[in-house]
Chemist: 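My questions all concern the structure below.
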Number of protein chains: 2
Amino acid sequence: MKTDCQLCPYISDAALKLAACDLHQLSDNHIVVSFKKGDSIIKQGTYSTNVIFLRKGLVKIHITGPYSEQIVKLAKPPTYLGLPTTVGDKINQYSITALEDTEVCFIDMTTFKDLLKTNDEFAFEIIRSLCRYEIDSFCRCANRIQKQTRGNLAEVLLDMSATIFESDTFTIPLSQSEVGNLIDTSRESVSRMLSEFEKDGIIRMQGRQITITNKRSLELVSQNG
Amino acid sequence: MKTDCQLCPYISDAALKLAACDLHQLSDNHIVVSFKKGDSIIKQGTYSTNVIFLRKGLVKIHITGPYSEQIVKLAKPPTYLGLPTTVGDKINQYSITALEDTEVCFIDMTTFKDLLKTNDEFAFEIIRSLCRYEIDSFCRCANRIQKQTRGNLAEVLLDMSATIFESDTFTIPLSQSEVGNLIDTSRESVSRMLSEFEKDGIIRMQGRQITITNKRSLELVSQNG
DNA sequence: TATACATTGTGAGCTAAATCACAAGTGCAT
DNA sequence: ATGCACTTGTGATTTAGCTCACAATGTATA
């Protein structure tokens, strides 16, 4: 499915900088694809010649670590995915999997490069976002490594609530074992800690639906382990 | 000290793409500064209006984590530092400290942005390097989190040997306590493990000078913890 | 040269969290 | 409906690595 980028309600900050003719070029050289929950969007080790723009849904970025699968981060729209692959060696260095029904634009790499070359505002926005990712990634890594497990779990819950779902009640889009991969702990520990949080009156659970009932406490746990 | 970038032996891959007139602009708008071992080059939380090009020496990039100082990575020339700060909110999100006597170029931010805008090859090289950093950072983080401490220490030694010093014998530019901050473990554990490695005949130590005597074993430890 | 301060080595005990083991619940495909 | 596979809950046991404690080195500076 081809669409006109000028009319797209999901357009990126970077693409906003593009002139009409550039947007026209983008319209002609991308394709919108839908993925169902659980579908693999890109797979580590495979070849890729597209930049991916995440326009709708939710995905996890994950890599095969030395021992187990590691979820690096969750990404929500609007954002570009797979830039490193595209400008690098064309081999995907990580996998991306849909956590909800998701829509992405596959943008032809040469088109994308052309846009970078002919439109410096666009390129600068891309650089800006890459820089933001780098800092995020430093901080996330320092947190993960230094905090104790319960602190990390609390942080993930807060982050989902604040950044992704923007509500105190939400349904975790991950199994407990995936949450384990995200904060690098075992599935059992996740289960135990969630029960603890519930017993302490910090959250309420119904299946995967979580309600944060005492945000203050959860923040304290996040800070103090 | 101002210098002519056209004659600089330390020029970056990105700057190689610049035309003579752009290089001239760069020459006029940067300044070379020397730092002694231990000097702070940029400090987290302070204001910055320069991009830094690391031309000579060795530095550590470190952030103040939730509990302790975390060394995010070591950086060696040639590389740009502090890009995220510059294109972001101007507040340094991390500190950079010299581990050896180091020379850097402070490049005025507006000049740098001008170069990005007027020279798409230059911008593309910058994007390329930012993408590489992102992947590096994903991998480093997954490794750090998943590997056991001895595996991380082995990896750091191998990495220093292969990437930074390009020799089996080198002097660690960090105290054991800093090594602890790098692989997130305690100073005591670093000491104990280094002794173990020596006892096992994998390395030889004289103060901070280390010789890798059995690379194969060290690689095994790095892989298997 | 003396004095202070940072760095290392090593023992002892403690603890968070992993692993193992099994039971119970959930959901989706035939 | 009936299985089968994936998920979750919880106990028991084990362990890597932290913390505390103190001694022995360096190594800057007055």
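FYI, side chains are in, hydrogens and waters are out, and symmetry mates aren't considered; it's all heavy atoms of this structure. First the proteins, then the strands, lettered A, B, ... as listed; each starts at 1. Because the structure is predicted, anything quoted here is derived from the model rather than measured.
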Chemist: Within the 3.5 Å criterion, strictly below it, is a donor on Lys60(A) or Ser95(A) matched to an acceptor on the partner's side chain?
Modeler: no
Chemist: May I ask you to say what Ser175(A) touches in the nucleic acid, namely base, sugar-phosphate or nothing, with a heavy-atom cut-off under 4.0 Å?
Modeler: sugar-phosphate
Chemist: Tell me, do Pro173(B) and Phe165(B) make a side-chain contact under 4.5 Å, heavy atoms counted?
Modeler: yes
Chemist: Please determine if a side-chain N or O atom of Gln176(A) lies less than 4.0 Å away from the OP1 or OP2 oxygen of dG9(D).
Modeler: yes
Chemist: Just how far, in rounded Å, is P of dA17(C) from CD of Gln146(B)?
Modeler: 17 Å
Chemist: Once you round to the nearest 0.5 Å, how far does CD1 of Ile42(B) lie from CG of Leu81(B)?
Modeler: 7.5 Å
Chemist: Does the protein touch nucleotides 24-30 of chain C at the base, only the backbone, or not at all? Give it as B, S and - per nucleotide, heavy atoms under 4.0 Å.
Modeler: -------
Chemist: Within a reach of under 6.0 Å around NZ of Lys76(A), are more than 12 heavy atoms found that belong to other residues, nucleotides or ligands?
Modeler: yes
Chemist: Rounded to the nearest Å, what distance is computed from the CD atom of residue Glu196(A) to the C1' atom of nucleotide dT10(D)?
Modeler: 12 Å
Chemist: Starting at OH of Tyr67(A) and ending at C1' of dA18(C), how long is that distance when rounded to a whole Å?
Modeler: 14 Å
Chemist: Round to the nearest Å and state the distance from Ile145(B) atom CD1 to dA18(C) atom C1'.
Modeler: 16 Å
Chemist: Within residues 198-209 of chain B, which residues have any heavy atom lying less than 4.0 Å from an atom of DNA chain C?
Modeler: Arg208(B)
Chemist: Tell me whether the OP1 or OP2 atom of dT10(D) has a side-chain N or O from Ser195(A) closer than 4.0 Å.
Modeler: yes
Chemist: Between protein and nucleotides 17-20 of chain D, what N or O pairs are separated by less than 3.5 Å?
Modeler:
{"unit_1": "dG17(D)", "atom_1": "OP1", "unit_2": "Thr149(B)", "atom_2": "N", "d": "2.8"}
{"unit_1": "dG17(D)", "atom_1": "OP1", "unit_2": "Thr149(B)", "atom_2": "OG1", "d": "2.9"}
{"unit_1": "dG17(D)", "atom_1": "O5'", "unit_2": "Thr149(B)", "atom_2": "OG1", "d": "3.4"}
{"unit_1": "dC18(D)", "atom_1": "OP1", "unit_2": "Thr185(B)", "atom_2": "OG1", "d": "2.7"}
{"unit_1": "dC18(D)", "atom_1": "OP2", "unit_2": "Thr185(B)", "atom_2": "OG1", "d": "2.8"}
{"unit_1": "dC18(D)", "atom_1": "OP2", "unit_2": "Ser186(B)", "atom_2": "N", "d": "3.3"}
{"unit_1": "dC18(D)", "atom_1": "OP2", "unit_2": "Ser186(B)", "atom_2": "OG", "d": "2.9"}
{"unit_1": "dC18(D)", "atom_1": "OP2", "unit_2": "Ser189(B)", "atom_2": "OG", "d": "2.4"}
{"unit_1": "dT19(D)", "atom_1": "O4", "unit_2": "Arg192(B)", "atom_2": "NH2", "d": "3.0"}
{"unit_1": "dC20(D)", "atom_1": "N4", "unit_2": "Glu188(B)", "atom_2": "OE2", "d": "3.3"}

Chemist: What's the CD1-P distance between Ile210(B) and dT8(C), to the nearest Å?
Modeler: 11 Å
Chemist: Go through the side-chain N and O atoms of Gln44(B) and Gln93(B) and say whether any donor and acceptor fall under 3.5 Å apart.
Modeler: no
Chemist: Under a 3.5 Å cutoff, is there a donor and acceptor pairing between the side chains of Thr46(B) and Asn92(B)?
Modeler: yes
Chemist: Check the pair Glu125(B), Arg128(B) against salt bridge (Lys or Arg N to Asp or Glu O under 4.0 Å), reporting the backbone distance first and the verdict last.
Modeler: CA-CA 5 Å; Glu125(B) 280 302 321; Arg128(B) 190 195 292 281; 3.5 Å; yes
Chemist: Check whether the side chains of Ser129(B) and Tyr80(B) place a donor and an acceptor atom closer than 3.5 Å, and report yes or no.
Modeler: no
Chemist: Could you walk me through whether Glu103(A) and Arg55(A) pass salt bridge (Lys or Arg N to Asp or Glu O under 4.0 Å), step by step?
Modeler: CA-CA 6 Å; Glu103(A) 282 178 22; Arg55(A) 67 193 327 240; 2.7 Å; yes
Chemist: Is a donor from one side chain sitting under 3.5 angstrom from an acceptor on the other, for Thr97(A) and His62(A)?
Modeler: yes
Chemist: Is there a side-chain contact between Phe197(A) and Arg150(A) in this structure, where contact means two heavy atoms from C-beta onward sitting under 4.5 Å apart?
Modeler: yes
